[in-house]
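Worksheet: the structure to be examined is printed underneath.
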Amino acid sequence: MSTLVVLVVLGSALVHAGWNALLKGRRAKDGTANDPLPTSAGLSLAWALVGTPLLFVVDVPPRSVWGLLALSVVVHTTYFALLVAAYRRADLSFVYPIARGLPPLFITMLAWFFVDERPTPFTGAGVGLIAFGVIGVGLIGQTRKRQPGDHEPDGATPGSRRRALPWTLAVAAGTTTYVMLDGVGARETGAVSYSVWLTCLQGWLFGIGAGVVGGAPVRRVMWQRRWLGLGAGLLSAGGYMAALWAMTEAPIAPVAALRETSVLFAALLGAVVLKEKLAGRRIVAALFVVAGVVLVRMS
């Protein structure tokens, strides 16, 4: 994997962590969680509004890709709904590492079977270390015993994490599925064209759907946060386009694994911006991630 691809993927990882932090939002002083649905709906509509004019500029995907694209739109829409459900139940620092740590292992196996990308020993070891490290970033410190006088908001309690875990695992499954679909689709169509069609179609579907299901309260908050939604939408679309380009230049599995270094950025954003607890022992898990990145680069 070239240095340029590595840097592009790391940049995409930082952007991904950033828009997830925007989506989760900061808790109120009384511990009340921010509802991520209005921001996610605004993000999706930003994709749609920016992407629609670009449909007349980029290439139309070939017929062979339309089935993949349609399935990916459905998976992405479901993924967003699951992500909102998970963030409603637990903090960014719990949901994000697990949701992003499992897919590299699954994607490596799927890429081997479906697109004949056999991992080298360095790649396999690197992917494993990255996955182990990013999951560890999420789990280390979660079982810490509460001290007298400790106050944890609802989304940071053991009970809330247990309730969020099934949703988080479903998010990981969704991530695995759409990365495989989009990696193949981008190779057939081109990263820019494919991502424009994908984000535009998915943006309209989820944005309108969330506005209808959430009703007037969600639409009102969505309008209040319109600039936040626009910023998150531009970040997420640009970051994913960069990741898809990387998948056209390098094997899908190591690119997907390398992008999960976003967990490190998310942990820092969760601690600094969202004021979530960050256990000091997570530095050990972070070192596993760094070691994995080095091995993937060496491969």
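As the structure is a computational prediction, the values presented were derived from the model and not from experiment.
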Separation of T78 OG1 from L83 CG (nearest 0.5 Å): 12.5 Å

Flag side-chain contact, heavy atom, 4.5 Å: E188 against P61: no

Which atom of M241 lies closest to which atom of V192, heavy atoms considered: SD-CG2, 4.0 Å

pair L55-C200: side-chain heavy atoms closer than 4.5 Å: yes

Any side-chain donor near an acceptor of the partner, S195 and W245, under 3.5 Å: no

Separation between CG of L198 and CG of L68, rounded to the nearest 0.5 Å: 11.0 Å

W204-V75 co-clustered via ILVMFWY side chain contacts under 4.5 Å: no

Same apolar cluster (I L V M F W Y, side chains within < 4.5 Å links), L49/I208: yes

Student check: side-chain heavy atoms of V58 and Y194 closer than 4.5 Å: no

Distance (rounded to the nearest 0.5 Å) between S72 OG and M180 CE: 12.0 Å

Lys NZ or Arg CZ of R63 over W66 ring: under 6.0 Å, within 45°: no

Linked, directly or transitively: M247 and V196 (ILVMFWY side chains, under 4.5 Å): yes

Close side-chain approach of V95 to V171, heavy-atom, < 4.5 Å: no

Heavy-atom pair of closest approach, residues A85 and W167: CB-CE3, 3.5 Å

Any side-chain heavy-atom pair of R88 and L37 under 4.5 Å: yes

Side chains of D182 and H76 in contact at under 4.5 Å (non-hydrogen atoms): yes

Closest non-hydrogen atom pair between L244 and A191, with its separation: C-CB, 3.8 Å

ILVMFWY cluster, L71 and Y178 together (side-chain gap under 4.5 Å): yes

Intermediate values then yes/no, side chain to side chain contact (heavy atoms under 4.5 Å, CB included), V73 and L205: CA-CA 8 Å; V73 168; L205 181 61; 3.9 Å; yes

Straight-line distance of L7 CG to S2 OG, nearest 0.5 Å: 8.5 Å

Minimum-distance pair of heavy atoms, taken over all atoms of V9 and V255: CG1-O, 3.7 Å

Closest non-hydrogen atom pair between S12 and A242, with its separation: CB-CB, 4.3 Å

Residue list, side-chain hydrogen bond (donor to acceptor under 3.5 Å, both in side chains) with S236, at least two apart or on another chain: W47

Heavy-atom pair of closest approach, residues A210 and V218: O-CG1, 4.0 Å

Cluster check L45, Y240: I/L/V/M/F/W/Y, side chain < 4.5 angstrom: no

Aromatic ring pairing F80/F206, orientation class (parallel under 30°, perpendicular over 60°, tilted between): tilted

Heavy-atom donor-acceptor pair, T39 side chain to P36 backbone, under 3.5 Å: no

Residue pair I252, R187: steps toward the side chain to side chain contact (heavy atoms under 4.5 Å, CB included) verdict: CA-CA 10 Å; I252 295 173; R187 289 180 176 182; 3.5 Å; yes

